[in-house]
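Chain letters run A, B, ... following the sequence lines, proteins first, then strands; residues in each count from 1. These numbers were taken from a predicted model, which means no experiment stands behind them.
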Amino acid sequence: MREVAIIGVGIHPWGKFPQKTFVDLGVEAIANALVDANIEWNKIETICSGIYIWGGNAGHLSGQYLASVFGETGIPIVNVYNACATGASALRLAYLSIASGQVDTALAVGVDMSPEGFLTAKSDNPRQDRDVLRWKMVGMPNPTYWALECRKRMGKYGTTHEDLAMVKVVLSQYGKENPNARYKKAYTMGEVLNSKMVCDPLRLLEVCATSDGGGALILCTAQKARQYTSKPITVAATTVGSAIYGDPTIRISALSAPAKAEAPLLSESYSSSQQAYRLSGIGPEDIDVLELPDNSSWHYLQYLETCGFGGEGEAERMLRDGETQIGGRIAVCPSGGFSSFGEAIGAQAIWQVAEIAMQLRGQCGARQVEKAKVGMAQTYGLMGNSGTTILKV
Amino acid sequence: MNESESQGKVVQALPDLFTWSKDGVHLMSARCGSCGTFFFPMYHEQHRPGCSRQGIEKVLLNREGMLVSYAIQYYMPPPPFKTDKDITPYIVGLVEFPEGIQIAGIVVSCAFNQLKLGMAMETTTFTLYQNEGGQDIVTWAFQPMKTL
């Protein structure tokens, strides 16, 4: 396998853009990445694109639609979908395309424009799509699942409402400094604790919104990377994980979970992170900056443990002691996280990796993590899929 | 089948998920004779890796279980969730059955301050809405065990 580097990152800021199309967002992200990498379009040798599920035929063939804007060149274009790990899956494919020796450069891109309000079922056949059951029979939006897991954690480890609120207080300070974030207001503990209850125990400011956004990464063999940039970022590992039998998580879209745990909670994310540690030879103790999927305050706490940054039940203490803040042992979500961005299914994993790359380049201004040398982007997706990327300089 | 259902007054919102028997409402599951895993819904198989998947039998779960988690939902979900009226705030509970499976469902007949992890629950039904023919369209639900 050949070493692979990121030479360009491009983002379309997160927000709501009803006047734009997903192609508009993707084109801006790609154009930014091309400029950032100082590479010409016709040097891109493959495109791995996240499927945009709300975009009909165009969304399912997002890579072809985006390529046609810049000019079709006959290269392999593959579109992938893995729920919220879609971008991670596109990135892994781009990485493998280069590492395997088939191509020297690749574009990984993900774009999303979320429909208004709650996401809901996309088919009406309960026999083949469990998603129909959870909506129709129980009325379970995604935050209900997070709330169920959060309540379990509160019962097990004594997590307090103040702990859940503190996640937002910390992340909102970072989001305020990030021009790409959708929410740029810093919140106080009182404001978070007084925000509306959405799904008890989780409040409005403790769950992420759904947003529009786009991200693009340009990868190249490490050998050729310096032709384009003086600061190539090495991809130490980029992996995808799926769930393990016996995972006790009440997984989004499921109506049941095993009573006896035979695998870790969030086993798909345990799987992807363990693969990444093994392949890179880098462990949690080596990582300076981490973007994790803070879909809710519960996720922030749980992912610290799932990915091995703390032992079971330690996350609340790590948060309270400032270990997870910029300047602490490990800077967690200095971008402001999903808390400040909101979910954009196909795009978020790409953006997380772009943020880590910018941190390692030292380009993050007020939210910069000093002397960051190794960073990790962790995402997760519905129905047991996840992605981990470890970058280093 | 209870009296109302036999008279056609009560209709399940979707079939093959729960049923009535003499002692009340039971969730319908299936158990794999090879790996021992219980499925819910029974038609969604989830075997242990390497299982031969032989000898799957339909089973009715115990009516009674234990509340292992709950959430209180303050916003009405979008369709296909359909109810006669706004039912928020409502409780979604996760109930662990003795067979070794936890199942989520709406919790009824329970005050918020009554909710406690570990409390005993029983399976029941909840009427989502009435259709044009005056039939109750129902789903499964849980309620606190009635103490004698």
Side-chain angles (χ1 to χ4, degrees), chain A residues 115-121 123-156 196-204 207 243-251 253-260 262 384, chain B residues 12-18 27 29 35 37-41 43-44 46-51 65-66 68-83 87-94 96-106 112 115 117-118 126 128 138-141:
Chain A
E116 285 302 316
F118 283 122
L119 307 178
T120 186
S123 84
D124 57 5
N125 183 341
R127 294 272 163 182
Q128 65 186 19
D129 188 356
R130 235 172 15 188
D131 218 23
V132 178
L133 292 176
R134 61 117 163 185
W135 288 105
K136 191 164 182 155
M137 303 301 277
V138 191
M140 288 177 82
N142 294 1
T144 316
Y145 287 86
W146 309 337
L148 287 171
E149 287 299 336
C150 189
R151 179 90 55 196
K152 284 194 223 166
R153 186 176 177 92
M154 294 169 93
K156 202 169 174 185
K196 276 189 287 191
M197 197 58 96
V198 172
C199 192
D200 193 340
L202 295 171
R203 296 176 182 281
L204 182 64
V207 296
I244 302 171
Y245 175 91
D247 180 342
T249 318
I250 177 78
R251 205 182 299 161
S253 88
L255 277 306
S256 68
K260 184 181 164 221
E262 295 185 46
Chain B
Q12 299 176 5
L14 286 171
D16 300 330
L17 297 165
F18 58 98
L27 288 165
S29 177
C35 70
T37 310
F38 284 84
F39 314 138
F40 185 80
Y43 48 78
H44 193 119
Q46 293 176 288
H47 295 274
R48 184 179 292 275
C51 174
M66 179 177 79
V68 291
S69 191
Y70 61 90
I72 305 170
Q73 181 66 33
Y74 281 83
Y75 285 83
M76 276 300 282
F81 194 58
K82 183 179 173 186
T83 52
I87 61 164
T88 56
Y90 63 95
I91 306 163
V92 173
L94 189 61
E96 182 169 315
F97 290 90
E99 289 84 352
I101 185 171
Q102 301 176 346
I103 295 180
I106 291 172
F112 296 161
L115 285 162
L117 297 181
F126 171 67
L128 294 163
V138 302
T139 185
W140 77 86

What's the separation between atom [atom1] in [X] and atom [atom2] in [Y], rounded to the nearest 0.5 Å?
X       : Y       : atom1 : atom2 : result
R151(A) : L115(B) : CZ    : CG    : 7.5 Å
K152(A) : Q102(B) : NZ    : CD    : 5.0 Å
H44(B)  : S256(A) : NE2   : OG    : 8.5 Å

Is the side chain of Y90(B) donor-acceptor paired with the backbone N or O of G139(A) at a distance under 3.5 Å, no angle test?
->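 Yes.
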Let's test your reading of the structure: which of [options] forms the most heavy-atom pairs below 4.5 Å with chain A?
options                         : answer
T139(B), L94(B), V68(B), I72(B) : I72(B)
V92(B), L117(B), L128(B)        : V92(B)
I91(B), T37(B), V138(B)         : T37(B)
R48(B), K82(B), E99(B)          : R48(B)

Does any heavy atom of chain B fall under 4.5 Å from the side chain of L255(A), the backbone, both, or neither of them?
-> both
Using non-hydrogen atoms and a 4.5 Å limit, figure out which bit of Q128(A) sits close to chain B: side chain, backbone, both or neither.
->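 It is neither, since no heavy atom gets under 4.5 Å.
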Most chain B-contacting option - heavy-atom pairs closer than 4.5 Å, from E149(A), M140(A), M154(A), K260(A) | M140(A)
Crowded around D124(A) CG? As in, over 12 foreign heavy atoms under 6.0 Å?
-> no
Minimal non-hydrogen separation, A104(B) against V138(A), with atom names = O-CG2, 4.0 Å
Of all heavy-atom pairs linking Y43(B) and P126(A), the shortest is CE1-O, 3.6 Å
Report yes if some heavy atom in the side chain of I250(A) is under 4.5 Å from a heavy atom in the side chain of S69(B); otherwise report no.
->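 The answer is no, as the side chains (C-beta and beyond) never meet within the 4.5 Å cut-off.
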Listed partners of F40(B) passing ring pair (Phe, Tyr, Trp, His ring centres under 6.0 Å), at least two apart | W140(B)
P79(B) versus chain A, the contacting section by heavy-atom distance below 4.5 Å | backbone
Side chain, backbone, both or neither: which part of I87(B) has a non-hydrogen atom closer than 4.5 Å to chain A?
->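 Looking at I87(B), nothing touches chain A.
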Hey, which of F81(B), F126(B), F18(B) is the one that makes side chain to side chain contact (heavy atoms under 4.5 Å, CB included) with M137(A)?
-> F18(B)
